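A quick write-up on the structure given underneath.
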Amino acid sequence: MNIRQLHPHFVGEVSDFDLTRPLGDARLRALIDAMDQYGILIFRNTGLTDETHIALSRQLGELELAPFFSLRRLRYPELFDAGNLGRDGSILQDERRQLYNKGNALWHTDSSFNPHRASYSLLLAHELPPVGGDTWFADMRAAYDALPDERKLEIEDLVVEHWLWHSRMLAGFPPPTEEEIAAKPPARHRLVQTHPGSGRKHLYIAAHAEHIVGWPKDKGLALIRELMDFATQDQFVYEAQWRQPGDLIIWDNRCTMHRATEFDDRTLRRDMRRTTVLE
Ligand code: OGA
Ligand code: MN
(Lines give C-alpha, C1' and ligand atoms only; values in the text may rest on other atoms or scores of the structure.)
(Ligands and ions follow the chains in the order given, each with its own letter.)
Protein backbone atom coordinates (compact mmCIF):
# COMPACT_ATOMS: atom_id res chain seq x y z
CA MET A 1 0.00 0.00 0.00
CA ASN A 2 1.38 3.36 -1.05
CA ILE A 3 0.80 5.84 1.84
CA ARG A 4 1.99 9.40 2.37
CA GLN A 5 1.63 10.70 5.94
CA LEU A 6 0.00 14.15 5.98
CA HIS A 7 0.31 15.15 9.65
CA PRO A 8 3.09 14.52 12.19
CA HIS A 9 0.78 12.33 14.31
CA PHE A 10 -1.75 10.68 11.98
CA VAL A 11 -3.57 10.77 8.59
CA GLY A 12 -2.33 8.97 5.48
CA GLU A 13 -3.15 9.58 1.83
CA VAL A 14 -3.30 6.36 -0.12
CA SER A 15 -2.64 6.02 -3.83
CA ASP A 16 -2.93 3.12 -6.28
CA PHE A 17 -5.29 1.04 -4.16
CA ASP A 18 -8.44 -0.08 -5.95
CA LEU A 19 -11.41 -0.02 -3.57
CA THR A 20 -14.03 -0.89 -6.17
CA ARG A 21 -13.22 -4.61 -6.37
CA PRO A 22 -13.27 -7.09 -3.46
CA LEU A 23 -10.21 -6.60 -1.26
CA GLY A 24 -9.25 -10.19 -0.58
CA ASP A 25 -7.42 -11.20 2.59
CA ALA A 26 -4.05 -9.58 1.97
CA ARG A 27 -5.36 -6.20 0.86
CA LEU A 28 -7.97 -6.18 3.67
CA ARG A 29 -5.19 -6.85 6.18
CA ALA A 30 -3.11 -4.03 4.67
CA LEU A 31 -6.06 -1.63 4.91
CA ILE A 32 -6.76 -2.48 8.56
CA ASP A 33 -3.07 -2.25 9.49
CA ALA A 34 -2.87 1.18 7.86
CA MET A 35 -6.04 2.30 9.68
CA ASP A 36 -4.54 1.10 12.97
CA GLN A 37 -1.44 3.16 12.33
CA TYR A 38 -2.82 6.34 10.76
CA GLY A 39 -6.37 6.56 12.21
CA ILE A 40 -7.50 8.41 9.05
CA LEU A 41 -6.96 7.40 5.44
CA ILE A 42 -7.76 9.60 2.45
CA PHE A 43 -8.39 8.10 -0.99
CA ARG A 44 -8.78 10.34 -4.03
CA ASN A 45 -11.14 9.79 -6.93
CA THR A 46 -12.06 6.23 -5.95
CA GLY A 47 -14.78 5.64 -8.52
CA LEU A 48 -17.00 4.16 -5.79
CA THR A 49 -20.79 4.04 -6.25
CA ASP A 50 -23.42 3.55 -3.52
CA GLU A 51 -23.22 -0.18 -4.15
CA THR A 52 -19.44 -0.56 -4.13
CA HIS A 53 -19.17 1.87 -1.18
CA ILE A 54 -21.45 -0.44 0.82
CA ALA A 55 -19.71 -3.59 -0.43
CA LEU A 56 -16.30 -2.19 0.57
CA SER A 57 -17.61 -1.21 4.01
CA ARG A 58 -19.09 -4.67 4.63
CA GLN A 59 -15.63 -6.16 4.30
CA LEU A 60 -14.68 -4.19 7.42
CA GLY A 61 -17.57 -5.49 9.54
CA GLU A 62 -21.29 -5.34 10.12
CA LEU A 63 -22.85 -2.00 9.19
CA GLU A 64 -24.94 0.30 11.31
CA LEU A 65 -28.28 1.29 9.76
CA ALA A 66 -29.38 4.93 9.66
CA PRO A 67 -32.09 5.65 12.28
CA PHE A 68 -35.76 6.29 11.45
CA PHE A 69 -35.54 10.06 11.87
CA SER A 70 -32.88 10.31 9.18
CA LEU A 71 -33.93 11.75 5.89
CA ARG A 72 -34.05 8.54 3.82
CA ARG A 73 -33.17 10.44 0.67
CA LEU A 74 -30.87 7.57 -0.13
CA ARG A 75 -31.87 4.19 -1.41
CA TYR A 76 -29.98 2.06 1.10
CA PRO A 77 -30.47 2.12 4.89
CA GLU A 78 -26.70 1.55 5.24
CA LEU A 79 -26.08 5.09 3.96
CA PHE A 80 -26.14 8.00 6.42
CA ASP A 81 -26.89 11.28 4.73
CA ALA A 82 -24.30 13.92 5.65
CA GLY A 83 -25.16 16.36 2.89
CA ASN A 84 -27.61 19.26 2.66
CA LEU A 85 -30.06 17.89 0.11
CA GLY A 86 -33.71 17.01 0.65
CA ARG A 87 -35.68 14.02 -0.55
CA ASP A 88 -36.35 15.60 -3.92
CA GLY A 89 -32.63 16.24 -4.46
CA SER A 90 -32.79 20.02 -4.03
CA ILE A 91 -31.20 21.99 -1.18
CA LEU A 92 -32.89 21.31 2.16
CA GLN A 93 -35.48 23.84 3.23
CA ASP A 94 -36.53 22.04 6.43
CA GLU A 95 -35.26 24.14 9.34
CA ARG A 96 -35.36 21.26 11.81
CA ARG A 97 -33.26 19.04 9.49
CA GLN A 98 -30.78 21.85 8.92
CA LEU A 99 -30.35 22.34 12.65
CA TYR A 100 -29.95 18.59 13.12
CA ASN A 101 -27.14 18.59 10.53
CA LYS A 102 -25.41 21.49 12.29
CA GLY A 103 -24.49 19.01 15.01
CA ASN A 104 -21.85 17.64 12.62
CA ALA A 105 -19.98 20.94 12.88
CA LEU A 106 -19.19 20.21 16.54
CA TRP A 107 -16.18 18.02 17.28
CA HIS A 108 -17.49 14.48 17.65
CA THR A 109 -17.00 10.86 16.91
CA ASP A 110 -19.76 8.88 15.22
CA SER A 111 -22.20 6.83 17.27
CA SER A 112 -20.58 7.30 20.69
CA PHE A 113 -24.19 7.84 21.82
CA ASN A 114 -24.90 4.18 21.00
CA PRO A 115 -24.03 1.35 23.40
CA HIS A 116 -22.48 -0.54 20.46
CA ARG A 117 -19.67 1.70 19.26
CA ALA A 118 -18.64 2.31 15.69
CA SER A 119 -15.19 1.34 14.53
CA TYR A 120 -14.87 2.90 11.07
CA SER A 121 -16.81 5.52 9.16
CA LEU A 122 -16.38 5.75 5.39
CA LEU A 123 -17.48 9.11 3.99
CA LEU A 124 -17.78 9.38 0.22
CA ALA A 125 -18.14 12.68 -1.64
CA HIS A 126 -20.82 12.72 -4.35
CA GLU A 127 -21.17 16.48 -4.87
CA LEU A 128 -18.99 19.22 -3.39
CA PRO A 129 -19.40 22.97 -2.99
CA PRO A 130 -16.70 25.01 -4.78
CA VAL A 131 -15.60 26.54 -1.46
CA GLY A 132 -15.85 25.38 2.16
CA GLY A 133 -17.30 22.15 3.46
CA ASP A 134 -13.97 20.64 4.50
CA THR A 135 -13.77 18.05 7.27
CA TRP A 136 -11.35 18.39 10.16
CA PHE A 137 -9.90 15.55 12.21
CA ALA A 138 -8.25 15.36 15.63
CA ASP A 139 -5.99 12.61 16.98
CA MET A 140 -7.19 11.26 20.33
CA ARG A 141 -4.14 9.04 20.85
CA ALA A 142 -1.71 11.93 20.48
CA ALA A 143 -3.94 14.11 22.68
CA TYR A 144 -4.01 11.47 25.40
CA ASP A 145 -0.23 11.04 25.23
CA ALA A 146 0.24 14.79 25.71
CA LEU A 147 -1.89 15.02 28.88
CA PRO A 148 0.02 15.73 32.09
CA ASP A 149 0.57 12.55 34.13
CA GLU A 150 -1.62 13.68 37.02
CA ARG A 151 -4.52 14.30 34.61
CA LYS A 152 -4.05 10.83 33.15
CA LEU A 153 -4.27 9.30 36.63
CA GLU A 154 -7.31 11.34 37.57
CA ILE A 155 -9.34 10.36 34.49
CA GLU A 156 -8.20 6.73 34.09
CA ASP A 157 -11.35 5.10 35.49
CA LEU A 158 -14.02 7.66 34.59
CA VAL A 159 -17.13 6.70 32.66
CA VAL A 160 -18.88 9.20 30.39
CA GLU A 161 -22.51 9.34 29.40
CA HIS A 162 -23.06 10.25 25.73
CA TRP A 163 -26.43 11.45 24.47
CA LEU A 164 -27.20 12.23 20.82
CA TRP A 165 -29.67 14.94 21.77
CA HIS A 166 -27.09 16.71 23.90
CA SER A 167 -24.95 17.56 20.85
CA ARG A 168 -28.02 18.36 18.76
CA MET A 169 -29.28 20.85 21.35
CA LEU A 170 -25.77 22.33 21.65
CA ALA A 171 -26.01 22.97 17.90
CA GLY A 172 -29.37 24.75 18.28
CA PHE A 173 -31.73 21.84 17.55
CA PRO A 174 -35.02 22.19 19.47
CA PRO A 175 -35.75 19.76 22.34
CA PRO A 176 -36.30 16.30 20.79
CA THR A 177 -39.73 14.68 20.64
CA GLU A 178 -40.61 11.79 22.97
CA GLU A 179 -40.28 9.41 20.06
CA GLU A 180 -36.80 10.73 19.27
CA ILE A 181 -35.73 10.52 22.91
CA ALA A 182 -36.97 6.93 23.14
CA ALA A 183 -35.14 6.02 19.93
CA LYS A 184 -31.77 7.28 21.17
CA PRO A 185 -31.34 6.94 24.93
CA PRO A 186 -27.91 7.82 26.38
CA ALA A 187 -25.01 5.33 26.37
CA ARG A 188 -22.00 4.97 28.68
CA HIS A 189 -18.38 4.49 27.70
CA ARG A 190 -15.03 4.70 29.45
CA LEU A 191 -13.28 8.02 28.98
CA VAL A 192 -9.86 6.44 28.51
CA GLN A 193 -9.71 3.41 26.28
CA THR A 194 -7.05 1.23 24.72
CA HIS A 195 -7.22 1.16 20.95
CA PRO A 196 -7.45 -2.52 20.02
CA GLY A 197 -5.44 -2.34 16.80
CA SER A 198 -2.48 -0.36 18.14
CA GLY A 199 -2.54 -1.00 21.89
CA ARG A 200 -2.27 2.76 22.43
CA LYS A 201 -4.45 4.62 24.92
CA HIS A 202 -6.78 7.38 23.74
CA LEU A 203 -9.49 9.72 24.90
CA TYR A 204 -13.02 8.75 23.91
CA ILE A 205 -15.00 11.98 23.94
CA ALA A 206 -17.33 13.91 21.65
CA ALA A 207 -19.86 16.73 21.60
CA HIS A 208 -22.31 13.97 22.57
CA ALA A 209 -20.55 13.59 25.95
CA GLU A 210 -23.00 14.92 28.48
CA HIS A 211 -21.77 14.07 31.95
CA ILE A 212 -19.41 11.93 33.97
CA VAL A 213 -21.09 9.09 35.79
CA GLY A 214 -21.18 9.69 39.56
CA TRP A 215 -20.08 13.33 39.29
CA PRO A 216 -22.23 16.44 39.67
CA LYS A 217 -23.34 17.49 36.15
CA ASP A 218 -21.55 20.86 36.20
CA LYS A 219 -18.26 19.44 37.32
CA GLY A 220 -18.46 16.64 34.73
CA LEU A 221 -19.33 18.97 31.89
CA ALA A 222 -16.47 21.28 32.88
CA LEU A 223 -13.98 18.40 32.66
CA ILE A 224 -15.45 17.24 29.34
CA ARG A 225 -15.13 20.79 27.96
CA GLU A 226 -11.55 21.06 29.17
CA LEU A 227 -10.60 17.75 27.53
CA MET A 228 -12.42 18.65 24.30
CA ASP A 229 -10.50 21.94 24.13
CA PHE A 230 -7.21 20.25 24.94
CA ALA A 231 -7.70 17.47 22.38
CA THR A 232 -8.66 19.78 19.52
CA GLN A 233 -5.67 22.12 19.73
CA ASP A 234 -4.00 22.84 16.39
CA GLN A 235 -1.17 20.41 17.03
CA PHE A 236 -3.61 17.46 17.05
CA VAL A 237 -5.76 18.62 14.12
CA TYR A 238 -5.61 17.91 10.40
CA GLU A 239 -7.83 19.94 8.06
CA ALA A 240 -8.79 17.61 5.24
CA GLN A 241 -9.95 19.06 1.94
CA TRP A 242 -12.30 17.33 -0.43
CA ARG A 243 -11.18 17.78 -4.02
CA GLN A 244 -13.64 15.94 -6.22
CA PRO A 245 -16.58 13.56 -6.19
CA GLY A 246 -15.29 10.05 -5.52
CA ASP A 247 -12.95 11.18 -2.75
CA LEU A 248 -13.31 8.90 0.27
CA ILE A 249 -12.11 9.37 3.82
CA ILE A 250 -12.10 6.48 6.27
CA TRP A 251 -11.69 7.33 9.95
CA ASP A 252 -11.44 5.23 13.08
CA ASN A 253 -14.11 6.58 15.43
CA ARG A 254 -12.39 5.12 18.47
CA CYS A 255 -9.20 7.13 18.30
CA THR A 256 -10.14 10.26 16.33
CA MET A 257 -12.74 13.03 16.37
CA HIS A 258 -13.97 15.00 13.37
CA ARG A 259 -16.13 17.97 12.50
CA ALA A 260 -17.74 19.43 9.41
CA THR A 261 -16.82 23.01 8.51
CA GLU A 262 -18.93 25.83 7.17
CA PHE A 263 -20.05 26.43 3.64
CA ASP A 264 -22.92 28.37 2.17
CA ASP A 265 -25.44 25.59 2.74
CA ARG A 266 -28.45 27.65 1.63
CA THR A 267 -27.23 28.08 -1.92
CA LEU A 268 -24.50 25.48 -2.54
CA ARG A 269 -25.05 21.74 -2.84
CA ARG A 270 -23.07 19.18 -0.85
CA ASP A 271 -23.90 15.48 -1.20
CA MET A 272 -21.91 13.28 1.18
CA ARG A 273 -22.82 9.70 2.08
CA ARG A 274 -21.41 7.68 4.94
CA THR A 275 -21.35 4.08 5.98
CA THR A 276 -20.62 3.21 9.58
CA VAL A 277 -19.04 -0.05 10.70
CA LEU A 278 -19.97 -1.54 14.06
CA GLU A 279 -17.04 -2.34 16.34
C1 OGA B 1 -20.23 12.44 9.32
C2 OGA B 1 -19.74 13.81 9.52
C3 OGA B 1 -18.69 15.66 8.41
C4 OGA B 1 -18.75 16.31 7.08
O5 OGA B 1 -20.63 12.11 8.19
O6 OGA B 1 -20.20 11.67 10.27
O7 OGA B 1 -19.56 14.21 10.64
O8 OGA B 1 -17.85 17.13 6.81
N9 OGA B 1 -19.46 14.49 8.42
O10 OGA B 1 -19.68 16.03 6.33
MN1 MN C 1 -19.71 12.47 12.05
Side-chain angles (χ1 to χ4, degrees), residues 11 39-43 48 50 53-54 56-57 60 63-67 69-74 76-85 91-92 97-114 117-140 162-168 170-171 173 184 187 204-209 228 231-232 237-265 268-279:
V11 189
I40 316 274
L41 291 177
I42 301 178
F43 300 80
L48 288 166
D50 282 346
H53 180 193
I54 293 169
L56 164 68
S57 308
L60 294 168
L63 301 188
E64 196 181 322
L65 301 183
F69 48 78
S70 78
L71 199 69
R72 292 268 189 262
R73 173 174 67 92
L74 307 171
Y76 300 100
E78 290 86 355
L79 294 175
F80 288 66
D81 194 346
N84 70 332
L85 305 181
I91 292 175
L92 264 180
R97 265 314 298 192
Q98 283 168 341
L99 287 170
Y100 183 88
N101 288 356
K102 294 263 187 252
N104 276 349
L106 304 174
W107 281 109
H108 69 282
T109 198
D110 295 332
S111 300
S112 70
F113 44 76
N114 290 335
R117 297 196 306 172
S119 52
Y120 308 114
S121 287
L122 298 87
L123 185 63
L124 179 65
H126 286 253
E127 227 180 309
L128 293 165
V131 281
D134 297 336
T135 309
W136 294 4
F137 294 92
D139 184 345
M140 294 303 102
H162 296 248
W163 194 40
L164 170 63
W165 307 112
H166 177 68
S167 59
R168 299 301 122 168
L170 277 182
F173 187 76
K184 286 288 170 195
Y204 189 67
I205 45 174
H208 318 303
M228 291 287 289
T232 56
V237 170
Y238 180 75
E239 302 180 3
Q241 281 173 351
W242 300 93
R243 289 194 201 135
Q244 60 193 319
D247 285 359
L248 175 82
I249 302 185
I250 308 181
W251 59 83
D252 187 328
N253 284 295
R254 296 163 295 194
C255 59
T256 63
M257 284 202 290
H258 61 279
R259 55 162 296 206
T261 63
E262 296 230 327
F263 70 104
D264 180 0
D265 62 359
L268 299 175
R269 298 166 62 84
R270 186 171 186 265
D271 183 355
M272 308 292 287
R273 307 180 190 180
R274 190 188 92 213
T275 55
T276 316
V277 182
L278 291 164
E279 183 174 43

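From a predicted model like this one, the values you see are computed outputs, not experimental measurements. Whatever order the structure lists them in is the order used to number ligands and atoms, beginning at 1.
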If you measure every N or O of [X] against every N or O of ligand 1, does any of those distances drop under 3.5 Å?
X: Trp242; answer: no
X: His108; answer: yes
X: Asp110; answer: yes

Item to check | Residue pair Ser57 / Glu78, side-chain donor-acceptor N/O under 3.5 Å | outcome: no
Next on the checklist: Please tell me whether Asn114 and Glu64 have a donor and an acceptor in their side chains that are separated by less than 3.5 angstrom.
Outcome noted: yes
Item to check | Non-hydrogen side-chain atoms of Leu79 and Arg73 separated by less than 4.5 Å | outcome: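 Of all side-chain heavy-atom pairs linking Arg73 with Leu79, none is under 4.5 Å.
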Item to check | Interfacing atoms of ligand 1 (cut-off 4.0 Å, heavy-atom, His258) | outcome: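 Near His258, the atoms of ligand 1 are 1 (C), 2 (C), 6 (O), 7 (O).
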Next on the checklist: As an exercise, identify every atom of ligand 1 less than 4.0 angstrom from a heavy atom of Ala82.
Outcome noted: 5 (O)
So that I can tick it off, tell me whether [Y] and [X] are bridged by a salt bridge, with the cut-off set at under 4.0 angstrom between side-chain N and carboxylate O.
X: Asp271; Y: Arg273; value: yes
X: Glu127; Y: Arg270; value: no
X: Arg274; Y: Asp110; value: yes

Run the side-chain donor-acceptor check on residues 129-136: report pairs under 3.5 Å with partners two or more places apart or on a different chain.
residue : atom : partner : partner atom : Å
Thr135  : OG1  : Trp242  : NE1          : 2.8

Checklist outcome for this item: the protein heavy atom lying closest to atom 8 (O) of ligand 1 turns out to be Thr135 OG1, 2.7 Å
Checklist outcome for this item: Filtering Arg270, Met272, Arg259, Arg274 for the heavy atom nearest atom 6 (O) of ligand 1 leaves Arg274
Checklist entry - Counting heavy atoms only, which of Ala260, Gly83, Ala105 comes nearest to atom 3 (C) of ligand 1? => result Ala260
Next on the checklist: For a quick test of reading the model, state the closest non-hydrogen atom pair linking Pro245 to Leu128 and the distance between them.
Outcome noted: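 Nearest heavy atoms, Pro245 then Leu128: N-CD1, 4.0 Å.
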Item to check | Aromatic contact, Tyr204 with His162 (centres under 6.0 Å) | outcome: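 Yes - the distance between ring centres of Tyr204 and His162 falls below the 6.0 Å cut-off.
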Next on the checklist: Using a 4.0 Å heavy-atom cut-off, which part of Phe137 comes near ligand 1: side chain, backbone, both, or neither?
Outcome noted: neither
Next on the checklist: Once you restrict to heavy atoms under 4.0 Å, what part of Leu123 touches ligand 1? Side chain, backbone, both or neither.
Outcome noted: side chain
Checklist entry - Excluding waters, which protein N, O or S atoms are within less than 2.8 Å of the Mn ion (ligand 2)? => result His108 NE2, Asp110 OD1, His258 NE2
Next on the checklist: Here's one to test your reading of the geometry: is the NZ or CZ of Arg254 within 45 degrees of the ring axis of Tyr120 and under 6.0 Å from its centre?
Outcome noted: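 Yes, Arg254 sits over the ring of Tyr120.
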Item to check | Trace of the ring-ring contact (aromatic ring centres under 6.0 Å, His included) decision for Phe137 with Trp251 | outcome: CA-CA 9 Å; Phe137 294 92; Trp251 59 83; 5.4 Å; yes
Item to check | Test item, Trp107 contacting ligand 1 (heavy atom, 4.0 angstrom) | outcome: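 Checking ligand 1 against Trp107, which is what was asked, there is no heavy-atom contact under 4.0 Å.
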